[in-house]
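A quick write-up on the structure given underneath.
For ligands, and for the atoms within them, numbers begin at 1 and follow the listed sequence.
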Amino acid sequence: MMVNFAVVLGLLVTARLCYATGNGFQVMKHLNRFNKPSMKSIKSPDGDIIDCVHISNQAAFDHPSLKNHQIQMKPNFHPEGMNYESMKTSSEKQETIPQLWRLNGNCPKGTIPIRRTKKEDILRASSINKYGKKTSQSTVAHPTSVDLDLINQSGHQHAIAYVEGEFYGAKATMNVWDPQIQQSNEFSLSQIWLLGGSFASDLNSIEVGWQVSPDLYGDNHTRFFTYWTSDAYQATGCYNLLCSGFIQINNEIALGASISPISKYHGSQYDISILVWKDPEQGNWWMQFGNGKVLGYWPASLFSYLTDSASMIQWGGEVVNSASDGQHTTTQMGSGHFPEEGFGKSSYFRNVQIVDGSNSLRVPKDIQTFTEEPNCYDVQTGKNGAWGSYIFYGGPGRNQNCP
Ligand SMILES: *[C@@H]1O[C@H](CO)[C@@H](O)[C@H](O)[C@H]1NC(C)=O
Ligand SMILES: *[C@@H]1O[C@H](CO)[C@@H](O)[C@H](O)[C@H]1NC(C)=O
């Protein structure tokens, strides 16, 4: 009874929203595609609704090539390696899930939590078909590219550390901030990129981290997110579960949901750990959050180059500088402070590792850095006993030296 009631209620709400809008049928079609019938719904304090959807009803299985996909309930393999746990931060001591919606409930076993797409979410997108996708002018920092103009043109700016080679995974612990965004069509994110292929038209990418994106979510909350593409952001891929792709198995963490608490300048630091790795048997790319919560996986069949291995890993931040008033944007990256300020003030990645050809986690060799305009956003790397390999990155955007 409960189940049916929730479904009926969901449909009624959807129908009412669509009735009120001009392109109602289109929006309704899309809402129905994004929002699956739920067993239970949880209202988060930030206004989100989290639907607990049966694991076999997730959008991934809408994809023709995944119709007969046998869902994997756990990875066959988990990479092991060094663990730098000596410097405990508050997030490691607490066992709770650092997401706001969990204050108001949890999803039953056998379901996964999905952030409900609202009519407003879709209407904010420049077109219905672009909702949940990066724009086709999106660029990944390409440190070795001669075509740096392209990066500047689209207004995307990065401050990253990176390694090149042959990789089967990547890991890091990153602190979480709430950077200010100057205007709603800009964003600020901090993430790990796993990349394969050329940067032109066939780039394969898996991205995991946190972001503030008013256009995508309708507010300035810091949210945990993923992205993937297999054709350089053209036709394939999306954020979170907004298209068929990532298969989630975990009932505790919602992609696209707000993270809480957030680090404070000169105050408590809160960080999250992310591990992405390739299952050597099945070829799927798995993702783990924290110290052992396996969220799910990207099936190998989504990709071309990444079916084999990643050729570049990046850790760092990206913002959009729309330079709307002819000046550099004031949108912040990370904490909004430069790397020089160090722990408690600057944003960091610590315990930075890669998975090598023997499927072991290792401290990467030859980490390099890249940023378009170091006076706006900068990056520094280092190593010590407590943190292993680490990165400080970020900046305020517009300032005296970044007009
Ligand atoms: C987000 O923050 C900016 C200022 O940084 C503010 O102008 C804007 O109204 C905020 N947007 C929302 C949706 O709260
Ligand atoms: C990007 O543009 C800025 C300002 O126009 C310039 O100073 C900088 O050198 C450019 N960066 C790259 C990597 O081309």
Side-chain angles (χ1 to χ4, degrees), residues 17 20-21 27 30-31 34 43-50 98-101 103-104 115-128 130-135 155-159 175-191 209-225 227 239-240 242 254-267 270 317-338 341 345-347 373 375-378 393-400 402-403:
L17 286 173
T21 169
V27 175
H30 280 74
L31 282 173
F34 294 124
K43 185 142 192 348
S44 171
D46 59 3
D48 279 2
I49 295 168
I50 303 295
Q99 283 196 318
L100 261 186
W101 67 275
L103 293 174
N104 290 345
R115 177 184 184 268
R116 186 183 297 175
T117 294
K118 298 177 178 159
K119 181 195 66 172
E120 297 79 21
D121 290 329
I122 295 180
L123 295 180
R124 266 194 316 276
S126 56
S127 85
I128 285 177
K130 292 198 174 124
Y131 171 64
K133 295 181 189 300
K134 292 192 178 181
T135 62
H156 288 242
Q157 298 205 300
H158 309 79
N175 61 352
V176 183
W177 295 89
D178 50 354
Q180 292 264 324
I181 312 297
Q182 182 185 306
Q183 55 187 73
S184 67
N185 63 346
E186 300 180 327
F187 65 69
S188 180
L189 62 76
S190 298
Q191 64 174 32
W210 58 259
Q211 66 180 167
V212 179
S213 178
D215 263 3
L216 185 57
Y217 301 105
D219 60 26
N220 292 320
H221 287 288
T222 304
R223 292 160 181 282
F224 179 57
F225 82 101
Y227 200 91
Y239 286 105
N240 305 328
L242 294 174
L255 295 176
S258 300
I259 303 177
S260 176
I262 304 286
S263 302
K264 289 271 179 303
Y265 185 72
H266 221 322
Y270 295 96
E318 175 181 356
V319 302
V320 173
N321 166 32
S322 57
S324 53
D325 46 7
Q327 293 185 288
H328 195 285
T329 182
T330 56
T331 287
Q332 300 173 325
M333 180 189 292
S335 68
H337 292 264
F338 283 114
E341 295 196 39
K345 296 167 184 168
S346 172
S347 26
E373 295 185 69
N375 291 330
C376 309
Y377 311 102
D378 207 1
Y393 71 97
R398 189 195 305 166
N399 67 77
Q400 233 178 346
C402 169

Next item on the list: Give the minimum heavy-atom separation between Tyr393 and Ser346, together with the two atoms involved.
Entry: O-OG, 3.6 Å
Note to self: Please compare Thr330, Asn220, Asp215 and report which has the shortest non-hydrogen distance to atom 6 (C) of ligand 1.
What the structure shows: Asn220
Checklist line | Partners passing ring-ring contact (aromatic ring centres under 6.0 Å, His included) against His337 (at least two apart in sequence or in another chain) | finding: Tyr265
Check: Is any N or O atom of Ile181, backbone or side chain, closer than 3.5 Å to an N or O atom of ligand 1?
Finding: yes
Checklist line | atom 13 (C) of ligand 1 [closest protein heavy-atom partner, distance rounded to 0.1 Å] | finding: Gly218 O, 3.5 Å
Next item on the list: Tell me whether the guanidinium CZ or amine NZ of Arg116 lies under 6.0 angstrom from the six-membered ring centre of Phe34 and within 45° of its axis.
Entry: no
Notebook entry, point to check: Should you measure from each heavy atom of Asp219, which atoms of ligand 1 turn up under 4.0 Å away?
Noted result: 13 (C)
Next item on the list: Flag this pair as yes if the NZ/CZ of Lys134 is under 6.0 angstrom from the six-membered ring centre of Tyr227 and inside a 45 degree cone about the axis; otherwise no.
Entry: yes
Margin query: Whether the Gln327 and Arg398 side chains hold a donor-acceptor pair (N or O, under 3.5 Å, no angle test) is what I'd like checked.
Written below: yes
Notebook entry, point to check: Do protein heavy atoms approach atom 11 (N) of ligand 1 to less than 4.0 Å?
Noted result: yes
Check: At a 4.0 Å cut-off, with the gap strictly under it, does some heavy atom of Ser184 reach an atom of ligand 1?
Finding: no
